[in-house]
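A quick write-up on the structure given underneath.
One-based numbering along the sequence shown. Note that ligands are numbered from 1 as they come in the structure, with each ligand's atoms numbered from 1 the same way. These numbers were taken from a predicted model, which means no experiment stands behind them.
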Amino acid sequence: MDCLYFDNNATTPLLPQVRDAIWPYFAEHFGNPASLHQPGRRARTAIETARAQVAALIGAEPEEIIFTAGGTESDNFALLGSLETLRPQGRHLITTSVEHLAVLDSCRYHERHGGSVSYLPVDASGQIDLAELEAAIRPDTVLISVMWANNETGVLFPIDAVAAVARRHGIRFHSDAVQALGKVPIDVRRTPVDLLSLSGHKIGAPKGIGALFVRRGTAICPYLHGGHQEGGLRAGTHHVAGIVGMGTACDWIRPRLCQENERQRALLRQLEDGIRAAVPEVVRNGDPHSCLPNTLNLSFPQIEGEGLLLGLDLVGIAASSGSACTSGSAGASHVLSAMGVPGARLHSSVRLSLGYQTSEAEVAALLQRLPAVVGRLQSLSLPADVDLSLFDCPVIECLLADHD
Ligand SMILES: *Cc1c(COP(=O)(O)O)cnc(C)c1O
């Protein structure tokens, strides 16, 4: 059976244009960009072209783009590099309780090393409250980190307003924009963000490549040591093919962003309406009025989310559980937990996420296959008052954990 891939927030297939563009950099153009000879110069030129392409998608200058090994490294670098640089001014950082683990675990690392962190709560729709952000600011606050869009629910945060608060208080502002890139417009000339994390494999480029936008004049300590690459800020021989792929993806997306946004938003509406027609009791998690065009996080009451995922996989639908296998959280999604989603709904969530390659025919095929799976599981399901968390199986959870 053909696989219907609805897990694009976890990773995306390579864009065909990217596949074609990167191959020569694994094959004949294998030079080390640090070398002075012709093969080296060729690789260096390709990197600078890609840097300009990535910069153009977010309105940055090419010198403000530092290539990294992905979104995780960019988040670690932005947070830990900033906190080290700003240590004389203070060691307090403000973030949200629904960030990606790349941010949350960097925060915990900072706390273990004597720093302090405030985690802003979110409301039932997954939104933060700007008044609570203002209230969390202390004299020793040196950094605010708020993601542009949430990877599990698709909720878009009020980034312009957060950036304005940070600016007004003279506090550095970082945003994890990995899920927002290529889906909604990002313009760092308009939004006063100082640091922005980006990743290649969420936008049709390979895994293992990412970038950090560092606004000109923003001092940051290097995170990797060992060479003079990337202006001395990120040591290590460049992943040339990955960089070319990320540049090519950004270049492909830039003229298509608005059109793709509308196309995916329309497909997502079809998907949601179709599922609601078949399963009226379904509940959408996350603010539907401020959301990525491609992400639908749904709870199917009285069905265990992971059972549903397995059932969907059996009929060729690749989706994701809303919950990642995070330590100490009994398998429940930290994002939905922070939103106060009640127990049964918490354990019955499934995320469907669209990509550039998702077609109307695939949405129609999903709508044909999904209701039978849901119906079968509902007929097997337990009474509504049983606490599904009692049935958590750590082994299955770890097998199914999505590491996006
Ligand atoms: C995927 C993701 C990351 C991690 O990026 P990698 O390139 O996989 O390391 C970070 N933040 C968010 C919001 C993500 O969705």
Side-chain angles (χ1 to χ4, degrees), residues 5-14 18 50 54 58 65-80 95-109 119 122 126 128 145-157 159 162 174-184 186 193 195-213 223-224 234 236 239 241-243 245-247 249-250 286 290-297 319-326 333-336 338 351-355 401-404:
Y5 185 74
F6 282 83
D7 198 11
N8 290 275
N9 284 10
T11 196
T12 57
L14 286 188
V18 169
V54 174
I58 61 166
I65 301 296
I66 311 288
F67 286 112
T68 67
T72 301
E73 184 189 318
S74 296
D75 284 341
N76 276 263
F77 179 20
L79 267 58
L80 303 179
T95 187
T96 79
S97 47
V98 296
E99 298 294 312
H100 190 274
L101 286 183
V103 166
L104 288 180
D105 284 348
S106 297
C107 289
R108 287 180 195 127
Y109 176 89
Y119 301 90
V122 293
I128 55 166
S145 179
V146 174
M147 68 202 317
W148 203 294
N150 186 269
N151 45 302
E152 289 190 29
T153 58
V155 167
L156 283 162
F157 289 99
I159 290 301
V162 174
H174 164 254
S175 183
D176 175 339
V178 168
Q179 289 295 344
L181 186 72
K183 295 174 188 153
V184 293
I186 295 178
V193 57
L195 300 156
L196 205 62
S197 297
L198 312 172
S199 173
H201 74 101
K202 308 288 175 75
I203 60 163
K207 295 158 189 61
I209 186 68
L212 183 67
F213 159 76
Y223 178 71
L224 286 181
R234 203 279 182 180
H239 177 8
I243 290 170
M246 186 156 178
C250 289
S290 176
C291 188
L292 289 174
N294 80 318
T295 308
L296 194 55
N297 189 310
S320 161
S321 107
S323 57
C325 192
T326 56
S333 150
H334 72 283
V335 176
L336 299 186
R351 180 188 69 189
L352 298 166
S353 48
L354 315 184
D402 66 29
H403 299 284
D404 53 345

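- Applying the 4.0 Å criterion to heavy atoms of Lys202 picks out, from ligand 1, the atoms 1 (C), 2 (C), 3 (C), 14 (C), 15 (O).
- Geometrically, ligand 1 and Asn9 share no nitrogen or oxygen pair separated by less than 3.5 Å.
- Distances below 4.0 Å separate heavy atoms of Gly70 from the following atoms of ligand 1: 7 (O).
- In this structure, the side chains of Ile203 and Leu198 stay at 4.5 Å or more apart for every pair of heavy atoms.
- Residue Glu73 has no nitrogen or oxygen atom sitting less than 3.5 Å from a nitrogen or oxygen atom of ligand 1, judged on distance alone.
- Residues passing the side-chain hydrogen bond (donor to acceptor under 3.5 Å, both in side chains) test with Thr96, sequence neighbours excluded: Glu99.
- With a 4.0 Å heavy-atom cut-off, ligand 1 is reached by the side chain of Asn151 but not by its N, CA, C or O.
- For ligand 1, the atoms sitting less than 4.0 Å from at least one non-hydrogen atom of His201 are 6 (P), 7 (O), 8 (O), numbered in the order shown with element in parentheses.
- An N or O contact shorter than 3.5 Å is missing between Ala149 and ligand 1 by distance.
- Residue Ser199 approaches ligand 1 through these ligand atoms, each under 4.0 Å from one of its heavy atoms: 5 (O), 6 (P), 7 (O).
- Annotation: side chain of Leu104 is in contact with side chain of His334 (closest heavy-atom distance under 4.5 Å).
- By the 4.5 Å heavy-atom criterion applied to side chains, His174 and Ser197 are counted as neighbours.
- Ser199 pairs by the side-chain hydrogen bond (donor to acceptor under 3.5 Å, both in side chains) definition with nothing, not counting sequence neighbours.
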Exercise. Between Asp75 and Ser106, is a side-chain hydrogen bond (donor to acceptor under 3.5 Å, both in side chains) present by the stated rule, with each step listed?
Worked result: CA-CA 8 Å; Asp75 284 341; Ser106 297; over 6 Å; no
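- Using a 3.5 Å distance cut-off with no hydrogens or angles, the side chains of Ser320 and Asn9 do not pair a donor with an acceptor.
- Taking every heavy atom of Asp75 and a limit of under 4.0 angstrom, the matching atoms of ligand 1 come to 10 (C), 11 (N).
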